[in-house]
K.L.:
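I am attaching a structure below and will ask some questions about it afterwards.
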Amino acid sequence: MKKQAVLAGVSSAVALISVIALTVCWFAFNTKTANMKFTAGFLQTQVTLYKGVDFDFDGNLDKTVASGSTVATDTYKKIGTSADGASDTGFSLTAESMFPTQTHVWKIEVKNTGDITGIAQMQFEYPIVIPSELLALSVSVTVNAVTTKYYFCDYIQNWTMPIITNAIEIANGKTGEVRIDLHFETLADLVAHKSDIGLTETGYQALQGKAITVPTLVVNLESQKPKYNAK
């Protein structure tokens, strides 16, 4: 069984729809009884959104060395954390302005606050008419150190991109992490990728400097099939 958690909206915020009750049962046999036992578990999520700190927007985030450490790590600014099981968190994946070759980076942490392991996969959704400012963009999604790149212009006739196949297994009480890179492609690179991108050169130029919000990012959180041992 599964439920969807909506993580980012086009015109609204990162919304989070919390999850389901899952009931499983099994039989336990011994020499005295043959009873049916029941256990109940549920999936529930909490989302924290971060924006990457990158002074030149080249996709290589600024580094920070924490106090007492010698290791430099990527720098993120926390945007907000959803209330546990909240239906609307009030924040979105928005770049205030974008220009060709620039990359804006976000990190999404998905915490499983339920009491069973969940398997998460993601999918982008947008309105019937894809916003023109997205046609010049690509998005790269990194899960478990594997990056998958998508061009929005490939999905002009579709409402959704394919499910991102890199699933995240999140044990109860644990957190899964996703990195989102939004890249403003050059016109030459776009045309090399696809001859008909749905944009004229004039239209492409008009997109420069615009604020852009990532389409709805839906995470399907599905219960992991449990393994039981009769006792």
Side-chain angles (χ1 to χ4, degrees), residues 3-19 43-99 102-114 118 120-125 133-134 137-148 164 166-184 210-221:
K3 198 70 174 182
Q4 289 185 335
V6 182
L7 295 185
V10 175
S11 59
S12 61
V14 175
L16 180 65
I17 301 172
S18 66
V19 277
L43 294 167
Q44 187 157 309
T45 51
Q46 183 182 68
V47 171
T48 301
L49 178 65
Y50 300 85
K51 182 71 165 61
V53 178
D54 184 1
F55 82 98
D56 58 359
F57 299 106
D58 67 349
N60 296 311
L61 298 185
D62 300 351
K63 302 298 182 183
T64 301
V65 178
S67 177
S69 174
T70 59
V71 179
T73 58
D74 290 341
T75 304
Y76 288 92
K77 179 181 178 181
K78 183 177 176 179
I79 295 175
T81 298
S82 68
D84 195 6
S87 61
D88 192 337
T89 63
F91 45 81
S92 61
L93 280 70
T94 299
E96 297 302 326
S97 65
M98 287 195 74
F99 293 89
Q102 286 189 345
T103 300
H104 286 247
V105 178
W106 292 267
K107 180 174 69 173
I108 300 170
E109 291 181 346
V110 181
K111 183 176 182 180
N112 180 355
T113 58
Q121 287 187 306
M122 291 170 295
Q123 186 173 33
F124 288 100
E125 295 181 350
E133 59 266 25
L134 296 179
L137 305 179
S138 64
V139 61
S140 297
V141 181
T142 303
V143 176
N144 297 332
V146 178
T147 300
T148 307
I164 298 166
N166 303 323
I168 316 169
E169 180 178 312
I170 310 174
N172 52 303
K174 301 299 183 179
T175 299
E177 184 177 302
V178 181
R179 172 170 163 152
I180 305 290
D181 287 46
L182 191 67
H183 183 64
F184 199 131
K210 280 192 171 185
I212 296 174
T213 300
V214 176
T216 303
L217 176 59
V218 176
V219 169
N220 295 309
L221 188 63

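Please read these numbers as outputs of a predicted model, since none were measured by experiment.
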K.L.:
Here's a test for you: under side chain to side chain contact (heavy atoms under 4.5 Å, CB included), which of V53, T75, V71 qualifies with T64?
P.N.:
T75
K.L.:
Closest approach of N172 and G114, non-hydrogen atoms and distance?
P.N.:
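Result for this residue pair: CB-O, 3.2 Å.
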K.L.:
Classify the ring geometry between Y50 and Y76 as parallel (under 30°), tilted (30 to 60°) or perpendicular (over 60°).
P.N.:
perpendicular
K.L.:
I'd like to know if the side chain of H104 reaches the main chain of I180, judged simply by a donor and an acceptor atom lying under 3.5 Å from each other, with no hydrogens or angles considered.
P.N.:
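Between the backbone of I180 and the side chain of H104 there is no qualifying donor-acceptor contact (under 3.5 Å).
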K.L.:
What distance separates K78 NZ from T48 OG1, expressed to the nearest 0.5 Å?
P.N.:
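It is 5.5 Å, given to the nearest 0.5 Å.
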K.L.:
Search all heavy atoms of G176 against all heavy atoms of I168 and return the closest pair with its distance.
P.N.:
CA-CG2, 3.9 Å
K.L.:
Can you name the residues that form a side chain to side chain contact (heavy atoms under 4.5 Å, CB included) with E177, not counting sequence neighbours?
P.N.:
K107, E109
K.L.:
Kindly compute the distance separating CD1 (I212) from CG (L137), expressed to the nearest 0.5 Å.
P.N.:
4.5 Å
K.L.:
Once rounded to the nearest 0.5 Å, what's the spacing between atom OG of S138 and atom CG of L182?
P.N.:
7.5 Å
K.L.:
Using a 6.0 Å cut-off, check whether atom NZ of K63 has over 12 heavy atoms from anything other than its own residue.
P.N.:
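More than 12 within 6.0 Å, yes.
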K.L.:
Indicate the atoms forming the closest heavy-atom contact of I170 with V110, along with that distance.
P.N.:
CD1-O, 3.7 Å
K.L.:
Taking the side chain from D58 and the backbone from N60, do they hold a donor-acceptor pair closer than 3.5 Å?
P.N.:
yes
K.L.:
Give me the atom names and distance for the closest heavy-atom approach of R179 to L61.
P.N.:
NH1-CD1, 4.1 Å
K.L.:
Quick check for you: to the nearest 0.5 Å, what is the distance between L49 atom CG and L93 atom CG?
P.N.:
5.0 Å
K.L.:
Quick one: CG on N112 to NZ on K174, what's the gap to the nearest 0.5 Å?
P.N.:
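Going from the CG atom of N112 to the NZ atom of K174 covers 11.0 Å.
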K.L.:
Nearest 0.5 Å, what's the OG1-CD1 distance between T175 and I108?
P.N.:
13.0 Å
